[in-house]
Amino acid sequence: MSSNPVAETVASLMPRAKEELTELVAFRSVADFDQFPKSESEGAARWVADALTAEGFQDVALLDTPDGTQSVYGHLPGPAGAKTVLLYAHYDVQPPLDEAAWTTPPFELTERDGRWYGRGAADCKGGLIMHLLALRALKANGGIPVGVKVIAEGSEEMGTGGLERYAEAHPELLAADTIVIGDAGNFRAGLPTVTSTLRGMTLVRVRIDTLAGNLHSGQFGGAAPDALAALIRVLDSLRAEDGATTVEGLSGDAAWEGLEHGEEQFRQDAKVLDGVELIGSGTVADRIWARPAVTVIGIDCPPVVGATPSVQASARALVSLRVPPGVDAGEATKLLQAHLEAHTPWGARVNTEQIGEGQAFRADTGSPAYQAMAAAMAVAYPGQEMQYAGQGGSIPLCNTLAALYPRAEILLIGLSEPEAQIHAVNESVSPDELERLSVTEALFLRNYAAS
């Protein structure tokens, strides 16, 4: 990175950043309180609140949101007449999955091969540290030229919508001229990228019942309708022969215009096993950024260990459907539910229930904030131009903020480049990316104030 005072300050702060991220990762802040203690999330929220207070933020508050979690808010007023920028991240994390599969404990930040490993290191506790680094660098080099609001969400990974509903009930709270969502990532490490689109999502639970109770498979199997077999048929109907998503009534042929994702690079990023084909058709970018994608993310059925020779009376699954910009998530939900019900065989009883939803998002990339970001990235990543990419994931708050503040510009950056392996075992963050993106954000705030 070319030498400049902001970059030098961020570099000097990196040891402190590692210590703070170590403290924050140690909280098992999964917002599923049936699996993880609520006290862990509350501890992480207090850590964030204390950090904002230490930086001079005013009105620091733990906001009790309608889904039973807490979001953390703080406001740092800027010079008279200055613009206001809202910085977003979330402190809740995905469950660690199989903790035994981690090379090092998921809630202990561990340095290995030039990366820092731990659940939430990139998604999105590292995003909170990025915001703090950027603000500290500006304070050490002439001051922060804009007003800053920070909001740290406590249930983003669960998709339960607590912060969205809180913001709708308190529309003045998060009002800003520009919003920086620190929950995305570069297309690859070292390539500065803003995320210009997000797919929306819906979560639907489907349950199938066929019998009053389980039956002996030897005595009744072959005639008694098996609920698990029925569920498997229903779930299989959601995919074509090539694996493409096929929800009746939902278009799946849109094309992506912009940065492309080569198949070989994608295979490496996704760690696809040798000989295993990718699914769907069209370019990879078409498939992951511009088209719907269904995923069965959970099934309730007997585990292999301890299974008995039984015909199953009931079975259920949780189905995630990602929907691209231009498709209403509510309408997609209705189509998905209708499809599941229509493809349930043998007259089995079927019940579908939506348990989460978020709309897709498309940014206005021609705005002054994007110009300020492009200039900042050119300094933090010498010799590289800012790229535009989509993201297959969802950040439901983006659409809520866009609706509440239609004049605000929204940018998405962050630490979740492919090597980070967010949501998987051995999630990690690149300290080089953390350093460069902190410089980027600091320079962006300075550029934006002058625009």
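Being a predicted model, the structure only gives us computed values, none of them experimental. Below, all heavy atoms of this structure are taken into account, side chains as well, without hydrogens, waters or symmetry copies.
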So, T110 side chain and E108 main chain: donor-acceptor pair closer than 3.5 Å or not? yes

Minimal heavy-atom distance between S196 and Y388, with the atoms involved, is OG-CB, 4.2 Å

So side-chain hydrogen bond (donor to acceptor under 3.5 Å, both in side chains) across residues 125-143, not counting sequence neighbours, yields T9-N141, E20-R136, S29-K125, E55-R136, E55-K139, H131-E441

Does the side chain to side chain contact (heavy atoms under 4.5 Å, CB included) test come out yes or no for I288 and W256, once each step is laid out? CA-CA 9 Å; I288 63 175; W256 170 260; over 6 Å; no

A121 versus L21, closest heavy-atom pair with distance: O-CD2, 4.0 Å

Hey, are the side chains of R188 and L191 touching, using non-hydrogen atoms and a 4.5 Å cut-off? yes

Check: H90/E156 side-chain N/O donor and acceptor closer than 3.5 Å: yes

Would you mind reporting whether T178 and L86 have side-chain heavy atoms less than 4.5 Å apart? no

Identify whether the distance between the nearest side-chain nitrogen and carboxylate oxygen of K271 and D269 falls below 4.0 Å. no

Quick one: does D300's side chain have a donor or acceptor within less than 3.5 Å of a partner on R316's backbone? no

Give a yes or no on whether a salt bridge exists between E433 and R436, defined as a side-chain N under 4.0 angstrom from a carboxylate O. no

For the pair D183 (side chain) and L412 (backbone), establish whether a donor and an acceptor sit closer than 3.5 Å, ignoring hydrogens and angles. no

Rounded to the nearest 0.5 Å, what's the gap from CG on L174 to NE2 on H75? Could you check? 11.0 Å

How close do A315 and L231 get, heavy atom to heavy atom, and via which atoms? CB-CD2, 3.8 Å

Will you find, in the side chains of T65 and D67, an N or O donor that is under 3.5 Å from an N or O acceptor? yes

Taking all non-hydrogen atoms of both residues into account, name the closest pair between S320 and L203 and its distance. CB-CD2, 3.7 Å

Using modelled atom types and a 3.5 Å cut-off, is there a donor and acceptor pairing between side-chain atoms of H343 and backbone atoms of L235? no

Could you tell me the separation between the CG atom of L163 and the CG atom of L401, rounded to the nearest 0.5 Å? 7.5 Å

Find out whether V148 and F57 are in side-chain contact, i.e. whether some heavy atom of one side chain is under 4.5 Å from a heavy atom of the other. yes

Could you go step by step and tell me if K334 and E341 meet the salt bridge (charged side-chain N to carboxylate O under 4.0 Å, His left out) rule? CA-CA 11 Å; K334 294 176 183 177; E341 292 163 5; over 6 Å; no

Find the distance between CE (M158) and OG1 (T69) and round it off to the nearest 0.5 Å. 10.5 Å

Given the rule in the side chain to side chain contact (heavy atoms under 4.5 Å, CB included) test, do V204 and I355 qualify, once you have shown the distances and angles that lead to the verdict? CA-CA 6 Å; V204 171; I355 62 170; over 6 Å; no

pair E417-F187: side-chain heavy atoms closer than 4.5 Å: no

Of all heavy-atom pairs linking S237 and H339, the shortest is OG-NE2, 3.0 Å

Looking just at side-chain N and O atoms, do D64 and Y166 make a donor-acceptor pair shorter than 3.5 Å? no

Taking C-beta and beyond as the side chain, do L278 and V284 meet within less than 4.5 Å on heavy atoms? yes

F36 ring centre to R28 NZ or CZ under 6.0 Å, with the angle to the axis within 45°? no

What distance do L128 atom CG and L87 atom CG have between them, rounded to the nearest 0.5 Å? 10.0 Å

Can you check salt bridge (charged side-chain N to carboxylate O under 4.0 Å, His left out) on E353 and R205, steps first, answer last? CA-CA 5 Å; E353 176 189 8; R205 183 185 291 128; 3.2 Å; yes

Got a donor-acceptor contact below 3.5 angstrom from the D177 side chain to the T84 backbone? yes

So, does T195 use its side chain to make a donor-acceptor pair with the main chain of T197 at under 3.5 Å? no

Between K18 and E111, is there a side-chain N and carboxylate O pair less than 4.0 Å apart? yes

C398 versus I181, closest heavy-atom pair with distance: SG-CG1, 4.0 Å

Is there a side-chain contact between R446 and L138 in this structure, where contact means two heavy atoms from C-beta onward sitting under 4.5 Å apart? yes

Is a donor on one side and an acceptor on the other found under 3.5 Å between the side chain of N426 and the backbone of T103? yes

Looking only at the side chains, is there a donor atom on one of E427 and Q421 sitting less than 3.5 Å from an acceptor on the other? no

Is any side-chain heavy atom of V6 closer than 4.5 Å to a side-chain heavy atom of L443? yes

Do the side-chain N and O atoms of W47 and E23 include a donor-acceptor pair separated by under 3.5 angstrom? yes

How far does CG of L13 sit from CG of L132, to the nearest 0.5 angstrom? 10.5 Å

Does M14 form a side chain to side chain contact (heavy atoms under 4.5 Å, CB included) with L434? I'd like the steps, not just the answer. CA-CA 9 Å; M14 288 300 293; L434 175 58; 4.0 Å; yes

Would you compute the distance between atom CD of Q70 and atom OH of Y91 and round it to the nearest 0.5 angstrom? 5.5 Å

Any salt bridge (Lys or Arg N to Asp or Glu O under 4.0 Å) pairs touching residues 399-411, not counting sequence neighbours? none

Could you tell me whether a side-chain N or O of R349 sits under 3.5 Å from a main-chain N or O of T210, the two making a donor and an acceptor? no

Hey, is the main chain of S314 close enough, under 3.5 Å, to the side chain of D209 for a donor-acceptor pair? no

Is it the case that atom CZ in R239 sees more than 12 heavy atoms from other parts of the structure closer than 6.0 Å? yes

Would you please say whether a donor-acceptor pair under 3.5 Å links the side chains of Q354 and T333? yes

Any donor-acceptor N or O pair under 3.5 Å, side chains D123, S416: no

I'd like to check the side chain to side chain contact (heavy atoms under 4.5 Å, CB included) partners of S39; sequence neighbours left out, ordered by chain and number. P37, E42

M373 vs I413, test: side chain to side chain contact (heavy atoms under 4.5 Å, CB included). Steps then yes/no. CA-CA 10 Å; M373 183 63 74; I413 63 172; 4.1 Å; yes

Measure the shortest side-chain to side-chain distance between L321 and T245 over non-hydrogen atoms and say whether it is less than 4.5 angstrom. yes

Would K149 pass as a cation-pi partner of Y73, given that its NZ or CZ must be under 6.0 Å from the six-membered ring centre and within 45 degrees of the axis? no

Would you say N214's side chain and A313's backbone share a donor-acceptor pair under 3.5 angstrom? yes

Identify which one of T352, V247, V206 satisfies the side-chain contact (heavy atoms from CB on, under 4.5 Å) criterion when paired with L336. V247

